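So the structure is just underneath, and the comments pick up after that.
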Number of protein chains: 2
Amino acid sequence: MSIRKGRSVTISDVAEAAGVSRAAVSKVIRDAYGVSPGMRARVQSAIEQLGYRPSVAARALRGSSYRLGLEVPHVNARFMTQIMTGAKQAVSGTPYQVILAPADGPEYSTLESLADGLVDGIIAVSPLVDPAWLEDLAGRIPVVMLGRHDTPSGYDTVIGDDRTGTRAIMRHLFDLGHRRIAHLTEPEPVTAPGTGTPHAIRLQVYRECMAEAGLGDLVQVARRHDDSEPARQAAAELVARHDRPTAIVAGHDDIALDALAAVAAAGLRDRVAVVGYDNTDLAEHPLIDLTSVDQQGVEMGAEAATMLLERLQGRIEPRHYVATTHLHVRGSSVRPTSDRAETGGRDQLE
Amino acid sequence: MSIRKGRSVTISDVAEAAGVSRAAVSKVIRDAYGVSPGMRARVQSAIEQLGYRPSVAARALRGSSYRLGLEVPHVNARFMTQIMTGAKQAVSGTPYQVILAPADGPEYSTLESLADGLVDGIIAVSPLVDPAWLEDLAGRIPVVMLGRHDTPSGYDTVIGDDRTGTRAIMRHLFDLGHRRIAHLTEPEPVTAPGTGTPHAIRLQVYRECMAEAGLGDLVQVARRHDDSEPARQAAAELVARHDRPTAIVAGHDDIALDALAAVAAAGLRDRVAVVGYDNTDLAEHPLIDLTSVDQQGVEMGAEAATMLLERLQGRIEPRHYVATTHLHVRGSSVRPTSDRAETGGRDQLE
DNA sequence: ATGAAAGCGCTAACAA
DNA sequence: TTGTTAGCGCTTTCAT
C-alpha cells in the first residue's frame, strides 16, 4: 500500500518492502560490492514485485545516467546507421544505452544539450566544431569524436583511413583508363584544407593523385550548393559541361547517389563512372550497383562506444583509432568511352 | 572565483554573481511570472558571463527535462527520417528537444528506459506493444503513438489513412491491367488481423480489393522471413514461382526496394510492377523510380510532437489524427505482359 | 517582486 | 555486511 496512485515507485519503497536500507537497494541495482546473497535476493524480489525502475534523472544528478549520446550531423545521413549499429552492439551487455541526437543545425548546441547532464559520455560526428571548444567539453564529459584527423589530448578519435581509401579509388579509376576525373563533395567549409575533416583529406588526396598522374589540369571539383541540399543539381551541372568528366568521385555514398541520379537522368549511365564512399547498404542494390569504399562504419561505431566505456572506467590518456578501408568494385565503375566515336567504340566491344 | 576547476557552474553560482536568490534565477531561465526587468537583465548577464547551462538531470528530478523521446523500431527504417524531421520542426522555437531511441529489439525496454525520467514525453512507433501496457505507461508519462489504429483513451495516436492508401494502390494496378498481384509484407506478428497495425490493415485491404475484383484465388502473400532481415530473399522466391505475380505490393518502401532488387536481379524490371508505401526520398531516384504512397510522414511527425506538447501543457482528453495519403505514380508501375508472347507483345509496343 | 527552505530520488562517504 | 546521513542542482511553495 505504499504506492500512491500516479506516483512511481522509488528506491525507498523498495527498501521498505524488502526491509532494508535505501543504500542496500542502491548497491544491488548497481551490482556494487558488499551485499550478501540473502539481501540481494530479497531486494531483487521486492524490485520485481513493485516493478521498480531507478530514475535516470536522480541517478544522473548523483552519478551516472548510464546513457551515451551519439550526435550526428543529419537525420538522414546513411552512414550514421552503421555507426549507431556498432555503438549499440558495443554497449549491449553493459548497463549503458545509446541515444541519438541529430543536429541538423548548429552542432554546438546539440552537443551542449547532450552535455547538460543527459548522458555520461558523447560520441559525435562534428567535423567543424572548434578543437579548443571540444577540449573544453571533453574536460567536463568524456568525448569520442568520429572523423577528425587531429590528435587531441583530451578526447579520443575514431577515423577511417581516408588517405588509403581515396588512393584506392583513384588507382582503380586510372586502371580503368579514366583521366578526366571530377570530385563531387561537400560545401567549402567542410573541405577546407587544414580542417582535418575526412572530406578535406579526400579532396586533398584526389588532387595529389591527379597531379601525380600528370593530370593536374584536369582537376574538377564540384560541390553541393548548400549544406543539407542534395548534390543532384551540382552533379547535373557537372555532366552537362562540354568537358564532362568520365568519372565522378563522390565524397560519400549519399552524394554518389545524387551523382548517379544526375548521370542516369542524362542517359549517361554507361558512359560516366561514379564511385562513392562508406559502402552503405544501398551501394550493393542491383539498381544502384555503386562502387564504394567500405570504411567499416559498424566497427568504427563499436570502437567509439568501447573507448567511451573505457573512459568512463577511468582511462585518461587519449586513444586514436584508425579503421581500415576496402574498395568494393561494382557496376558503376564503367570504363571511359571516347565522346567522338573515333576509336570505333573499341572500348565498349573490348 | 566561485567556479572551481572541473566543476560546472550551477544555479547558485549565477545567483551569487547576480546578487539574487537561486529562485530568482530559476524563474528567469524558465520565463516564469514574477521577475522585474532589472533583475532579469542582471541574471541574464550573469548567465552569459559564467556560461551557465541548467542541469537537465536536476531539472528533470524536480520538474521537466525539456526533452521528448522518439522511439523507432529500427535504426535504418527510412520512414523514421520523415517522422524525426517533422518532430524537430514542431519543437523548434519551444524549449524542448527531441532525442531518438532506436529499439532494434524489445520495444518495451526501450520505452521504459525513456520513461525512466529521461524525457517529459514519448512519441513511439511500436505496433506490437500491448494496449493495456501502453495505457499504463501513458498514466505515468504523456505518450503519442504512431501507426496504431486503435482509439485508446490514455494516449494520442497519429496514423496514415492506410485503407485509402492501399485502395489507391490496388485500383492503380487494376487499371494498369494487373490481376496476379502479390503482397510482400512483414512477418506474421506485425500483420495479424486485429492488431490494428498499418501492415495488418494494408494486408486486409489488399485481400478485400482482390476479392472485390473477383481475384480472391490469385491472392499471394509473401513475407520477410525474419524480422530485421531484408525481404530480398522472399521477393526472389516470389518472382521465381511458376505463377509469378505481375505486380508486387510492398508493405513499405524498404521492402519495395528489396523487391526491386529481386526483380532486377531476375531481369524482370519491365515485366513485374512494384509499388511501395511511404514515398521515402529514394522512391523518386531515377534508378529506383518507385511508385509509392505518400502518407505525409513529416506532417505526422510534426503533429505527433505538437500533440505531445499540448499534453505537457495539460490536455487530458485523447486526440487521434489521421494523415491523408497521395499516390505517386512512377516508373516501377509497369503494365503486365503475358508470359507466353501470344499477344505479340502488344503491351510493350503499345 | 523577491527570498528562504524543503525536497525530488538517488549515491557515496562514513559509521556501526 | 549493513545502515545513516549528507548532499547532487534544481523547482516550488510559502513568507516577506
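Note on naming: letters A, B, ... go to the chains in the order of the sequence lines (proteins, then strands), and numbering restarts at 1 for each one. Computed from heavy atoms alone, side chains included, the values below leave out hydrogens, waters and symmetry copies. Since the structure is predicted, the reported quantities are computational estimates derived from the model, not experimental observations.
Take the nearest nucleotide of DNA chain C for B/Arg40 and for A/Ser55: the residue whose nucleotide is more 5' is B/Arg40.
With hydrogens and angles disregarded, no donor-acceptor distance shorter than 3.5 Å links the side chain of B/Thr81 to the backbone of A/Asn76.
The phosphate of C/dA12 (OP1 or OP2) has no side-chain N or O of A/Ser26 nearer than 4.0 angstrom. Residue A/Ser12 places none of its side-chain N or O atoms closer than 4.0 Å to OP1 or OP2 of C/dC10. Side-chain nitrogen and oxygen atoms of B/Tyr66 include none within less than 4.0 Å of the OP1 or OP2 phosphate oxygen of D/dT11. Side-chain N/O atoms of B/Arg30 include one lying less than 4.0 angstrom from OP1 or OP2 on D/dT12.
Nearest nucleotide to the A/Tyr33 side chain, out of D/dT11, C/dG9, D/dT1: D/dT1. Closest to the side chain of A/Thr10, out of D/dT1, C/dC10, D/dG9, is C/dC10. Nearest nucleotide to the A/Arg22 side chain, out of D/dT11, D/dG3, C/dT11: C/dT11. When the nucleotides C/dT11, D/dG9, D/dT12 are ranked by their closest atom to the side chain of B/Ala23, D/dT12 comes out on top. Comparing C/dG3, D/dT2, C/dG7 by their nearest atom to the side chain of B/Ala24 picks out C/dG3. Of the candidates D/dT11, C/dG3, D/dT2, the closest approach to any side-chain atom of B/Ser21 belongs to C/dG3. Among the nucleotides C/dC10, D/dG9, D/dT2, the one closest to the side chain of A/Ala58 is C/dC10. When distances run from any side-chain atom of A/Lys27 to the nucleotides D/dT1, D/dT11, D/dG3, the shortest one goes to D/dG3. Closest to the side chain of B/Arg62, out of D/dG9, C/dT2, D/dT1, is D/dG9.
Rounded to whole angstrom, the span from the CG atom of A/Leu61 across to the P atom of C/dC10 amounts to 12 Å. Atom CD of B/Glu16 and atom C1' of D/dG9 are 15 Å apart (whole Å). We find that CG of A/Leu118 is positioned 16 Å from P of D/dG9, with the value rounded to whole Å. Between the CZ atom of B/Arg140 and the P atom of C/dG9 there is a distance of 14 Å, given to the nearest Å. Between B/Ile11 atom CD1 and C/dT2 atom P the separation is 15 Å, expressed in whole Å. Distance A/Arg67 CZ to C/dC10 P: 13 Å, rounded to the nearest Å. We find that CG of B/Asp116 is positioned 16 Å from C1' of C/dC8, with the value rounded to whole Å.
Side-chain atoms of A/Ser113 and B/Gln97 include a donor-acceptor pair closer than 3.5 Å.
Using a cutoff of 4.0 Å between basic side-chain nitrogens and carboxylate oxygens, B/Asp156 and B/Arg315 are scored as salt-bridged. A salt bridge is absent between B/Glu16 and B/Arg22; no separation between the charged side-chain nitrogens and carboxylate oxygens falls under 4.0 Å. Using a cut-off of 4.0 Å between Lys/Arg side-chain N and Asp/Glu carboxylate O, A/Asp120 and A/Arg59 are scored as not salt-bridged. Classification of B/Glu317 and B/Arg311 as a salt-bridged pair fails, no side-chain N sitting under 4.0 Å from a carboxylate O.
Residue contacts for A/Val35: at a heavy-atom cut-off of 4.0 Å it reaches the sugar-phosphate backbone alone, with no base atom in range. When heavy atoms are screened at a 4.0 angstrom cut-off, B/Gly63 is found touching no nucleic acid atom at all.
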